[in-house]
**Student:** 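This structure is in structure tokens; I'll ask about it shortly.
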There are 2 protein chains.
Amino acid sequence: MLDHSEFKIKFLDAIIKGHSMAVGCHCFVSYSGRAESELPWGDRIIIIKSDRTLLVHQNKGSTPVNYMKEAVLDAYVEGDYAVVTAENISQKEFMRIELTQVYFFESRQLIDEQKIRIVGTERDMAEMIMQNPSLISLDFKPLSMEEHTKFGFIDLFGHDKNGTLIVVECKRYSADLSAVTQLRRYVEKIKDMKGLSSVKGVLAAPKISTNAQSMLEKWGFSFVSVNPPKYLEKFDRFQKKLI
Amino acid sequence: MLDHSEFKIKFLDAIIKGHSMAVGCHCFVSYSGRAESELPWGDRIIIIKSDRTLLVHQNKGSTPVNYMKEAVLDAYVEGDYAVVTAENISQKEFMRIELTQVYFFESRQLIDEQKIRIVGTERDMAEMIMQNPSLISLDFKPLSMEEHTKFGFIDLFGHDKNGTLIVVECKRYSADLSAVTQLRRYVEKIKDMKGLSSVKGVLAAPKISTNAQSMLEKWGFSFVSVNPPKYLEKFDRFQKKLI
DNA sequence: GGGGAGAGATGCCGC
DNA sequence: GCGGCATTTCTCCCC
């Protein structure tokens with residue numbers, strides 16, 4: 001438990017040094033910027049990063065309740081409160097955090113230049129299909145992948161044995177209505193630009209919602225069930241811990 | 001700085017008590033679930049909430065680099081590492097965090113039943129237009145707002161002085177291609193179900209991208225510039241601090 | 001910097 | 001639970 005002036009001093013010192021911070025406190029938060037908000041009094045954890053990102057986390061859920069990027073930060077004592085302010089003038093964003101209790105305060109220079117490596121994205125799905133086109137159909141011949149063609153950002157682009165063009169849109173999850181309209185947009189663009197009357201549209205995803213299926217059929221497109229790829233070896237490594 | 005067995009004991013104690021935690025550490029993170037990932041060694045802040053949400057934050061950006069909801073957590077010492085594991089069996093998710101250094105560890109019961117109040121959402125835009133329909137056009141008569149009609153989730157629904165139906169889709173930001181396809185989907189649905197040949201589509205947003213504007217015109221829809229509402233008094237309260 | 005689209009998206013509400 | 005959709009979405013990539 002820190003008193004307000006001790007908090008202020010430590011906070012400003014951490015700002016100057018470019019340290020990251022974790023603060024446990026009882027606070028009230030108001031925000032004005034892209035929207036406006038008020039968060040009544042409660043206990044939260046405030047994170048401040050060395051790039052001046054500020055996050056206010058409640059004790060539930062994975063998204064911060066309030067946040068600001070590239071914030072210009074300040075702290076001071078005002079009556080019975082410690083106050084933290086965050087401003088991003090160019091974005092016209094302002095935040096004010098009033099604190100009555102500072103349960104804990106930690107600050108430290110965190111050194112981390114590493115980037116996460118992820119496998120199993122939509123792009124990985126498209127690559128997998130490039131390697132094994134029969135996942136779409138026996139006669140599917142892919143031509144290009146995720147190229148910014150003049151037709152737009154098309155996940156997979158190819159043709160069948162008759163030379164009919166095929167547009168494939170990949171989704172990692174259940175394909176929904178917007179996936180169908182996205183596919184439709186690409187197919188129409190190609191028809192338009194090439195002056196073709198027939199272009200096939202294929203939605204590749206693990207599953208598809210009922211309404212999306214109806215709309216798909218209405219527009220003469222087809223659905224193919226494909227799961228995003230995973231490195232099974234790694235999954236197994238975790239899995240065996242469960243046995 | 002905590003040694004590994006001290007960390008383990010405090011961590012497990014906090015889990016049992018349902019406390020929230022903030023941990024500063026040097027760690028390596030691997031994940032398998034909806035995708036698979038590896039994050040090489042670096043300094044991070046780990047947050048664990050009372051609802052068993054786990055967040056791993058690097059020192060930049062507002063999104064956690066790794067995370068899991070409803071995690072079953074454990075901690076132990078393994079050779080030179082402290083290890084934190086998180087599992088969500090039903091989701092087939094697994095995470096393993098190896099720590100060589102624990103810079104700080106804070107845990108505490110955080111009491112907070114408050115909900116944030118936000119003004120300026122898309123729904124607020126629709127309400128504002130309901131109050132002042134002339135923002136769309138002088139003869140726009142709104143009938144319903146954000147109702148789950150048999151036509152779908154339509155932001156605003158009404159007609160002009162000739163009785164021609166009007167569908168309004170609101171966007172808080174620059175309207176893009178998907179906003180136009182969304183509008184198009186609603187208009188077509190209504191035409192279909194009512195057997196009408198003419199239904200007006202209006203996109204209400206602060207601005208619109210060039211391509212979206214083209215597509216809008218191609219489909220005979222129109223754009224109206226509308227800004228999401230704000231409580232100006234409050235904005236002014238912040239603003240005067242800047243002077 | 002804007003436009004377009006994915007994300008291990010998250011979160012909300014309705015059925 | 002799924003479905004449909006907004007989000008102070010965030011982030012990345014390309015033009």
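Proteins come first, then strands; the chains are lettered A, B, ... in the order of their sequence lines, and each starts at number 1.
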**Student:** Both B:K207 and A:C170 contact DNA chain C. Which one's nearest nucleotide lies toward the 5' end?
**Tutor:**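 It is B:K207 whose nearest nucleotide is closer to the 5' end.
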
**Student:** Mind calculating the distance between CD1 (A:I116) and C1' (C:dG8) to the nearest angstrom?
**Tutor:**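 Roughly 9 Å, once rounded to whole Å.
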
**Student:** Is A:F153 stacked against the base of C:dG4, taking the criterion as centroid distance under 5.5 angstrom and interplanar angle under 30°?
**Tutor:**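 The ring of A:F153 is not stacked on C:dG4.
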
**Student:** Over how many whole Å does the gap from B:E87 atom CD to C:dG8 atom P extend?
**Tutor:**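 It works out to 21 Å between those atoms.
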
**Student:** Would you measure the distance from the P atom in C:dG8 across to the matching atom in C:dG4 and give it in whole Å?
**Tutor:**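 It comes out at 23 Å once rounded to the nearest Å.
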
**Student:** Where each residue is assigned the nucleotide of DNA chain D containing its nearest heavy atom, which of B:T63 and B:T121 is assigned the position nearer the 5′ end?
**Tutor:**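 Mapping each residue to its closest nucleotide by heavy atoms, the 5'-most match is B:T121.
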
**Student:** Verify whether one side chain among A:E127 and A:Q131 offers a donor that lies under 3.5 Å from an acceptor in the other.
**Tutor:**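 No, because no side-chain N or O of A:E127 sits under 3.5 Å from a partner of the opposite role on A:Q131.
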
**Student:** Tell me which nucleotide among D:dT7, C:dA5, C:dG11 gets nearest to the side chain of B:K69.
**Tutor:**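 Out of D:dT7, C:dA5, C:dG11, the nucleotide with an atom closest to B:K69's side chain is C:dG11.
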
**Student:** Begin from the C-alpha positions of B:K200 and B:E169 and carry the test salt bridge (charged side-chain N to carboxylate O under 4.0 Å, His left out) through to its verdict.
**Tutor:** CA-CA 11 Å; B:K200 286 184 181 175; B:E169 172 63 28; over 6 Å; no

**Student:** Considering heavy-atom distances to DNA chain D, does A:N66 or A:S209 have its closest nucleotide positioned more toward the 5' end?
**Tutor:**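 Counting from the 5' end, the first nearest nucleotide belongs to A:S209.
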
**Student:** Separation of A:K171 atom NZ from C:dG8 atom P, in whole Å?
**Tutor:**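 After rounding, the reported distance stands at 13 Å.
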
**Student:** Reckon A:G120 touches a base, only the sugar-phosphate, or nothing at all at heavy-atom distances under 4.0 Å?
**Tutor:**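 Nothing, no nucleic acid heavy atom in range.
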
**Student:** CZ of B:R34 versus C1' of C:dA7: gap in Å, rounded?
**Tutor:**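 For the pair B:R34 CZ and C:dA7 C1', the rounded distance is 9 Å.
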
**Student:** In what stems does DNA chain C take part, counting only runs of at least 3 consecutive Watson-Crick or G-U pairs whose two distances fall under 3.5 Å?
**Tutor:**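 DNA chain C forms these stems: C:1-7 with D:9-15, C:9-15 with D:1-7.
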
